[in-house]
Amino acid sequence: KKTEINWEQETAKAESLGKSSCTNNDFGIYDDYYNTYVKPNLQKEKGISSKGSYLNSPEYDDLKFLLETAKKLNMKILFISVPVNGAWYDYTGFPESDRQQYYKKVKDLVTSYGFQIEDYSGSEHEKYFFCDVMHLGWKGWVKIDEAIDKFYHEN
């Protein structure tokens with residue numbers, strides 16, 4: 001039996017939790033993580049990834065292998081494209097144009113095999129989508145849970 005979830009209410013709770021957890025920085029990183037891992041190295045991280053890129057990587061072959069295998073097995077899969085923490089990546093200088101090309105490359109690859117993808121690239125600057133420099137946070141999990149719930153109950 002499907003349990004009805006009020007996703008707007010869950011998002012509001014997530015926003016509130018994120019806001020109370022992230023009080024000492026503009027990156028949307030929870031306070032303890034920021035104090036322990038980010039703040040001590042903040043100055044040396046500025047611009048450090050200016051030559052970064054995700055466009056050429058052996059992991060694309062791994063993704064292709066997964067897609068080919070899943071297609072052969074007639075699997076129904078929802079792929080989730082999780083962005084990067086835009087505020088942090090901007091600070092470290094990782095090129096935004098490269099990030100956008102990366103998101104498009106993954107999306108195009110997944111859809112070319114006929115699979116559904118939930119693309120959250122537009123959320124890379126959304127407050128509380130992340131809890132640190134890379135992991136999903138309060139709002140990120142709510143959005144992904146909602147997408148999985150919808151996919152599951154439609155399929």
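We number each residue from 1, following the sequence as shown.
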Heavy-atom pair of closest approach, residues [X] and [Y]:
X	Y	value
P83	F129	CD-CE2, 3.7 Å
V110	F79	CG1-CD1, 3.7 Å
A87	D26	CB-O, 4.2 Å
F115	A70	CZ-CB, 3.6 Å
P40	N35	CD-O, 3.4 Å
P95	S50	CG-O, 3.6 Å

Pairwise side-chain contact, [X] with [Y], heavy-atom cut-off 4.5 Å (strictly under):
X	Y	value
I5	E10	yes
K139	T11	yes
I77	L67	no
I80	I117	no
Y37	V133	no

Answer yes if [X] and [Y] sit in the same cluster of Ile, Leu, Val, Met, Phe, Trp and Tyr residues linked by side chain heavy atoms under 4.5 Å apart, and no otherwise.
X	Y	result
L136	F151	yes
L17	Y33	yes
Y54	L66	yes
Y102	L109	yes
V82	W88	no

Exercise. Hey, are Y120 and E126 close enough side-chain-wise for a donor-acceptor pair under 3.5 Å?
Worked result: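 Absent: no donor and acceptor within the cut-off.
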
Exercise. Can you tell me if E68 and Y113 form a side-chain donor-acceptor pair at under 3.5 Å?
Worked result: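 Yes, side-chain donor-acceptor contact under 3.5 Å.
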
Problem set entry | Ring-face cation of K105 near Y60 (centre distance under 6.0 Å, axis angle within 45°) |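 K105 over Y60 ring: yes.
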
Problem set entry | Candidate pair T92 and K46, rule side-chain contact (heavy atoms from CB on, under 4.5 Å), full reasoning | CA-CA 5 Å; T92 64; K46 186 166 181 66; over 6 Å; no

Rounded to the nearest 0.5 Å, how far apart are [atom1] of [X] and [atom2] of [Y]?
X	Y	atom1	atom2	answer
E59	F65	CD	CZ	15.0 Å
D62	S57	CG	OG	8.0 Å
I29	Y128	CD1	OH	12.5 Å
F27	N85	CZ	CG	8.5 Å
D145	K150	CG	NZ	15.0 Å
S112	K107	OG	NZ	13.0 Å

For this session: Specify whether Y30 and W138 have parallel, tilted or perpendicular ring planes, treating 30° as the upper limit for parallel and 60° as the lower limit for perpendicular.
Result: perpendicular

Exercise. Taking it one step at a time, do L78 and E118 satisfy side-chain contact (heavy atoms from CB on, under 4.5 Å)?
Worked result: CA-CA 7 Å; L78 172 64; E118 197 69 30; 4.2 Å; yes

For this session: Could you check E96 against Y89 for side chain to side chain donor-acceptor pair (under 3.5 Å), going step by step and ending with a plain yes or no?
Result: CA-CA 8 Å; E96 201 234 333; Y89 272 57; over 6 Å; no

For [Y], is there any backbone N or O sitting under 3.5 Å from a side-chain donor or acceptor partner on [X]?
X	Y	result
H153	D149	yes
Y91	L42	yes
N41	K44	no
N25	Y34	no
S16	A12	no
R99	F94	yes

Exercise. Do other residues, nucleotides or ligands put more than 12 heavy atoms under 6.0 Å from M134 CE?
Worked result: yes

Exercise. Within a reach of under 6.0 Å around CD of E8, are more than 12 heavy atoms found that belong to other residues, nucleotides or ligands?
Worked result: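 No, not enclosed.
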
Exercise. Ion pair present between K143 and E146, side-chain N to carboxylate O less than 4.0 angstrom?
Worked result: no

For this session: Kindly determine whether E124 and Q100 satisfy side-chain contact (heavy atoms from CB on, under 4.5 Å), including the steps that lead there.
Result: CA-CA 10 Å; E124 77 169 25; Q100 295 306 317; 4.2 Å; yes

